[in-house]
Amino acid sequence: MLRSTLIYAPAILLTRISALLLLVIATRLIDQTEYGLLALVVTVGELTDSALTNWLRIALLRLGGKGEISRGSLLLAARVLVVTAALGLVFSAGASLVIAPERWVEFAIAVGVYLAVAAVSRFALTILQMQQRHGTYSLLEFARAALQLVLPVAAIWVFHDSFLMVSLASSLATLIAGLSALLIALRRVVPGAPRFTHRELFALGIPLIAMAVVGFGLNSAERVLLKIYYDAGAVAVFAAAYALARQPIDTVSNAINMGAFPEMVSRFDKEGPAAAGRYLSRQMALMAQLTFPIAALLIALSHDIAGLLLPADYHAHVGELFPLIVLSILCANFASFVFENVFHAHKRPGLLIVTTTPGSIGTIVASLVLIPHYGAVGAAGALAIGTAITLVGDIALSRRLTPVPIPWGDLAGSAVVAVATGLAAWLGSNLAGDTWAIVRLGIGGMAGTLAFLGLQSLLHPAETRALADTLRAKLARA
């Protein structure tokens with residue numbers, strides 16, 4: 001599990017760094033309203049993509065096998081992808097009228113292009129993942145990350161305040177990387193009939209589509225309602241804080257799950273549900289070991305992070321936003337990458353609707369109550385409430401299929417390490433006094449990191465040595 005995490009981590013990390021750098025540049029060079037509209041484009045694009053194309057990735061990984069992939073399987077999936085992507089374009093045009101009526105044509109174009117190129121890229125990368133070509137996958141993600149920084153910055157420089165041109169430049173980067181991935185992946189496709197039927201594909205996919213639609217409250221409602229109650233500027237403040245608090249945790253969690261999910265499914269098929277449950281328990285422990293301290297660092301250093309990376313007009317309420325957003329990200333990642341994987345292993349994605357619906361309703365209701373009074377902080381609180389409800393539901397329902405042993409000892413140890421890491425970072429930052437944000441962040445980050453490494457080496461000496469040896473070997477090869 002650690003090996004696959006280290007394979008995928010560099011590509012995911014560069015993608016997140018690229019997004020972070022673009023955030024820093026865009027918030028300084030384009031108007032706050034334009035950045036808010038750009039954030040809403042991504043929000044609507046991700047929601048629609050999740051509902052109408054992302055399900056195909058999960059279905060292919062579950063039904064298409066790994067290693068040699070037949071041309072018949074891909075042709076069947078590609079035909080379905082074209083239809084669902086077209087439906088997504090129609091939906092996004094209608095959503096644009098509601099979300100940004102004052103500039104709905106520009107908004108609809110940006111979201112439509114986003115969806116089209118995302119479908120191509122996701123399909124190609126899924127094939128590479130099925131073919132177990134992890135190095136190629138990582139290399140292409142590196143290229144996409146670099147392009148998604150260079151091209152949007154060039155668009156900002158040429159067109160100045162235009163969310164549409166920045167969005168189109170980002171989509172162009174995705175298209176270039178996606179087409180390259182598709183050409184590389186198709187060279188190793190073997191002739192053969194589909195390994196699954198339309199009926200099997202839709203039996204797995206329709207519940208995932210329904211779950212994504214139901215999950216609107218967990219994924220997008222707070223931003224849309226924030227735009228309706230306030231304006232795109234308020235969305236910009238929330239989206240910037242959300243991106244800063246989300247990226248580090250998501251980077252680690254995604255890297256772990258990217259390699260662990262195919263292995264978990266393989267163990268489920270070959271060794272049975274109990275083996276898969278034990279594997280997910282180990283995955284949960286690893287996620288806690290790495291993400292809890294990161295969450296503590298983000299909370300302890302939130303003011304310094306915002307002071308360094310964001311303009312002054314984005315600093316409002318950052319101390320309240322970060323803890324709530326961090327909590328919601330942790331709940332969402334443990335729900336999605338641990339307990340919901342049980343539903344995918346059993347080929348029962350329809351159960352996701354059961355667990356997502358209460359959380360989605362909770363987010364929407366909380367948003368309607370909190371956002372009018374508390375603005376962006378209310379949006380963050382509503383999101384935390386909804387993701388916590390969903391996590392509880394996932395834990396309860398997944399136990400009826402395959403109980404995932406909760407590694408209470410590991411979770412408690414990770415929580416202790418996190419508290420110590422956050423406290424050390426906070427003390428380091430405050431001892432630096434009233435100086436530049438980068439100095440405070442550097443001292444606080446160094447103190448927190450040293451505390452984390454020291455405690456990890458005490459609590460997990462064998463794993464720490466194994467990780468150090470792996471990193472040393474990679475550096476030696478480089």
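Of all heavy-atom pairs spanning A245 and V326, the tightest one is CB-CG2, 4.1 Å. The two atoms that bring G422 and A300 nearest to each other are O-CB, 3.3 Å, heavy atoms only. Nearest heavy atom pair, residue V318 against residue P323, reads O-CD, 4.4 Å. Shown here for G413 and L459, the closest heavy-atom pair between the two residues is O-CD1, 4.1 Å. Listed here is the closest heavy atom pair of S414 and A285: OG-O, 4.5 Å. Nearest heavy-atom pair, G433 versus R440, reported as atom, atom and distance to 0.1 Å: O-NH1, 2.7 Å.
No donor-acceptor pair closer than 3.5 Å links the side chain of T48 to the backbone N or O of G45. Between the S92 side chain and the L89 main chain, a donor and an acceptor come within less than 3.5 Å of each other. For the pair S162 (side chain) and F159 (backbone), a donor-acceptor distance under 3.5 Å is absent. Between the side chain of D49 and the backbone N or O of L115 there is no donor-acceptor pair closer than 3.5 Å. A side-chain donor-acceptor contact under 3.5 Å links S457 to the backbone of G454. S429 places no side-chain N or O within donor-acceptor distance of the main-chain N or O of A425, the cut-off being under 3.5 Å. Distance alone, capped at 3.5 Å, is enough to place a donor-acceptor pair between the S398 side chain and the I395 backbone. Side-chain atoms of S170 never come within 3.5 Å of backbone atoms of V166 as a donor-acceptor pair (strictly under, hydrogens ignored). Side-chain atoms of Q283 come within 3.5 Å of backbone atoms of F337 as a donor-acceptor pair (strictly under, hydrogens ignored). With S121 contributing its side chain and V117 its backbone, the two residues share no donor-acceptor pair below 3.5 Å.
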- Task: Go through the steps to decide whether K227 and E222 satisfy the test salt bridge (charged side-chain N to carboxylate O under 4.0 Å, His left out), and finish with yes or no.
- Result: CA-CA 9 Å; K227 167 66 166 62; E222 77 286 345; over 6 Å; no
- Message: Test side chain to side chain contact (heavy atoms under 4.5 Å, CB included) on I249 and N333; report intermediate values, then the result.
- Response: CA-CA 9 Å; I249 299 173; N333 283 345; 3.5 Å; yes
- Intermediate values then yes/no, side chain to side chain contact (heavy atoms under 4.5 Å, CB included), F339 and M284: CA-CA 9 Å; F339 299 102; M284 189 192 320; 3.6 Å; yes
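Here the CG atom belonging to L391 is positioned 11.0 Å from the OG atom belonging to S336, to the nearest 0.5 angstrom. How far OG1 of T435 is from CG of L441: 12.0 Å, rounded to the nearest 0.5 Å. Put simply, OH on Y35 and OH on Y314 are 7.0 Å apart, with the number rounded to the nearest 0.5 Å. Remark: S302 OG to W426 CH2 distance equals 12.0 Å, nearest 0.5 Å. To the nearest 0.5 Å, atom CZ of residue R28 and atom CG of residue L309 are 7.0 Å apart. Separation of atoms CD1 (I176) and CD (Q148) is listed at 10.5 Å; rounding is to 0.5 Å.
For CD1 of I438, the number of neighbouring non-hydrogen atoms (other residues, nucleotides, ligands) closer than 6.0 Å is 12 at most. The number of heavy-atom neighbours closer than 6.0 Å to NE2 of H315, taken from other residues, nucleotides and ligands shown, is above 12. The number of heavy atoms from other shown groups lying within 6.0 Å of OH (Y230) is above 12.
Here the side chains of R103 and E34 are in contact, with some heavy-atom distance below 4.5 Å. Residues L310 and V24 form no side-chain contact, since every pair of their non-hydrogen atoms from C-beta on lies 4.5 Å or further apart. Counting heavy atoms from C-beta on, the side chains of Q247 and L23 never come closer than 4.5 Å.
With Y242 as the aromatic partner, R223 meets the cation-pi criteria of under 6.0 angstrom to the ring centre and within 45 degrees of the ring axis.
Ring geometry, F292 versus F334: the interplanar angle falls from 30° to 60°, so the pair is classed tilted. F107 and F163 have tilted rings, their planes meeting at an angle from 30° to 60° on a 0 to 90° scale.
Inspection of the N257 and N341 side chains reveals an N or O donor paired with an N or O acceptor under 3.5 Å. If you check the side chains of Q289 and D410, you find no donor sitting under 3.5 Å from an acceptor.
For the pairing with D394, the side chain to side chain contact (heavy atoms under 4.5 Å, CB included) check across V404, I389, T355, T356 returns one residue only, T355.
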